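Each remark here refers to the structure printed beneath this line.
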Amino acid sequence: MSSAEPFNPHSVDLDTVDPKDVVCYLNSSPNDYNGRIGLRISALFVIMATSSLTTLFPVLATRIPRLRIPRYVYLFARYFGAGVIIATAFIHLLDPAYEEIGPASCVGMSKGWDSYSWPPAIAMTAVMLIFLLDFGVEWYVEQNYECDQADVSVEKVITTCPGHSTDGANSSDEGHSSESHDDCHNSPHKPSTTGHDAHHGHQFLHSGDQDAPTPIALPTAALPTTDSHGHDTSKDTIDIESHAFLTGESPASERIFREQIAAFLILEFGVLFHSVIIGLNLGVVGEEFSTLYPVVVFHQAFEGLGIGARLSSIPFPKRLSWMPWALCVAYGLTTPIALAIGLGVATTYESAGFTASIISGVLDSISAGILLYTGLVELLARDFLFNPERTRDKTRILFMLACLFAGCILMALLGKWA
């Protein structure tokens, strides 16, 4: 078949046909929107509520004493969310990017795109740029905030300690025979007395802060009171907003904020890209909508849980007290807004079109690179490999790993449908 002749799918000579024409024909699909507008509108509100609530809860739990949660619930949210983010990068972003602009796709076989495998190249570029940004922020903070590191144990202020009472009836600590027991009795604001603690720095900022005391200078009024036996006689659940490490009223907490917010914004940026694509596709998909709807709800809930758990550990200064709420709202609204846009163009938008594939493929590749760096470096490596304060409690370590793998496996399974 001559290349000048138009491609006729009903009469194909496999010896002479251009493979690109075959691939483009097989990958193309007409607009298959099939109505059910009421159900799609309900999806908009359900996804908005689910995304917002799962993201807001960990943030609220650090600020409202009545919402204190058991330690293992917090660990579940943190490490299950980490697994979700890693699986999202590989299964929900990088793999679709190959389908959209990879070497075997219609775009990838077109002139200008057929000279290279673009998805891994774009993802690698994103990883290296994020690394430079992350390193640059850390370098800037170190150069401009010369102060000893303040270690903020978010786990201790967001969770309740099992068996810990406020009546002073607890037995005194004896060494480190019980790590969980020791965690509950040690004041979460005990100043560091060793130079070693001051050098844990950046690793601790991104860690699970699972064991360490929290060396930070607080106003005297903010310190817990103790009885003659060293037991904490203040209220068991501390209003975290009254402390300097949350409101960012000290140079140490300002340094923590500047380092953590950069890493978090990178994470949220990658997730929001992905949420836009999900919302658009959900608005225009046809018969697959019934399957995709519940999958997207769970998908957004799991991602929101991970984002909220990480966001809750950032000590926002008073001047930016609005920012955690704005970041939660941004995640909660992105997919519904994209879904609404999808509904607006539902009868004309072709998700498998050439231009749509390019935009979606490039965004998916960028997002994959961002989440790969964040998931593997910021979450896994710093929490498990390079965290000087990693817990020595075998039960807790196994639970953290189980949550991590559960999040990764479950999110990977959801990739079969979305």
Side-chain angles (χ1 to χ4, degrees), residues 51 53-63 67-89 151-162 179-180 183 188 202-212 214 240 245-246 256 259-261 263-268 270-271 299-316 324 327-328 331 371 373-411:
S51 301
L53 290 175
T54 53
T55 310
L56 283 167
F57 181 77
V59 179
L60 288 170
T62 61
R63 290 159 170 80
L67 290 181
R68 290 296 183 269
I69 56 178
R71 180 193 303 277
Y72 280 86
V73 174
Y74 170 75
L75 292 177
F76 172 80
R78 185 179 183 101
Y79 294 104
F80 185 87
V84 165
I85 289 168
I86 293 168
T88 298
D151 295 342
V152 178
S153 183
V154 176
E155 181 182 320
K156 292 181 177 66
V157 294
I158 194 175
T159 66
T160 55
C161 293
E179 191 171 89
S180 298
D183 284 345
H202 188 64
Q203 306 297 348
F204 193 92
L205 295 179
H206 301 275
S207 71
D209 41 72
Q210 299 122 356
D211 276 347
T214 55
I240 190 171
F245 66 78
L246 184 77
I256 294 174
E259 289 195 354
Q260 285 201 5
I261 193 61
F264 179 81
L265 289 177
I266 290 168
L267 169 63
E268 176 139 337
V271 170
H299 179 285
Q300 293 301 104
F302 295 154
E303 275 190 351
L305 198 62
I307 288 175
R310 296 287 162 172
L311 183 59
S312 67
S313 69
I314 302 176
F316 287 89
L327 291 171
C328 289
Y331 176 76
L371 296 193
Y373 179 86
T374 302
L376 298 178
V377 177
E378 300 285 351
L379 307 186
L380 278 195
R382 282 181 174 146
D383 272 13
F384 289 96
L385 301 179
F386 306 121
N387 178 13
E389 307 298 346
R390 184 180 61 239
T391 181
R392 295 174 296 279
D393 188 321
K394 293 181 181 179
T395 301
R396 201 185 305 178
I397 280 286
L398 290 175
F399 180 78
M400 288 156 53
L401 290 172
C403 293
L404 176 71
F405 280 89
C408 197
I409 292 171
L410 187 55
M411 200 64 170

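Everything numeric in this text was worked out from a predicted model, so none of it was measured.
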Would Arg396 and Arg71 count as a side-chain contact (heavy atoms from CB on, under 4.5 Å) if you check the C-alpha gap in whole Å, the side-chain angles of each, and the deciding distance to 0.1 Å?
CA-CA 10 Å; Arg396 201 185 305 178; Arg71 180 193 303 277; 3.8 Å; yes
Test side-chain contact (heavy atoms from CB on, under 4.5 Å) on Ile261 and Phe316; report intermediate values, then the result.
CA-CA 9 Å; Ile261 193 61; Phe316 287 89; 3.8 Å; yes
side-chain contact (heavy atoms from CB on, under 4.5 Å) between Phe264 and Ile307, intermediate numbers included
CA-CA 8 Å; Phe264 179 81; Ile307 288 175; 3.5 Å; yes
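Partner of Phe80 under the ring pair (Phe, Tyr, Trp, His ring centres under 6.0 Å) criterion, chosen from Phe405, Phe399, Phe302: Phe302.
The line from CG of Leu265 to CD1 of Ile314 is 7.5 Å long, rounded to the nearest 0.5 Å. Taking OG1 of Thr374 as the start and CD1 of Ile266 as the end, the distance is 6.0 Å to the nearest 0.5 Å. With rounding to the nearest 0.5 Å, the separation of CD1 in Ile86 from CG in Leu404 is 5.5 Å. Considering OH of Tyr72 and CZ of Arg78, their distance stands at 15.0 Å, rounded to 0.5 Å. Expressed to the nearest 0.5 Å, how far CG of Leu56 lies from SG of Cys328 amounts to 4.5 Å. With rounding to the nearest 0.5 Å, the separation of CG in Leu398 from SG in Cys403 is 11.0 Å.
Residues His299 and Tyr331 come closest through the heavy atom pair O-OH, 4.4 Å. Shortest non-hydrogen contact noted between Met411 and Thr88 is CE-OG1, 3.4 Å. Of all heavy-atom pairs spanning Thr55 and Ser51, the tightest one is OG1-O, 2.6 Å.
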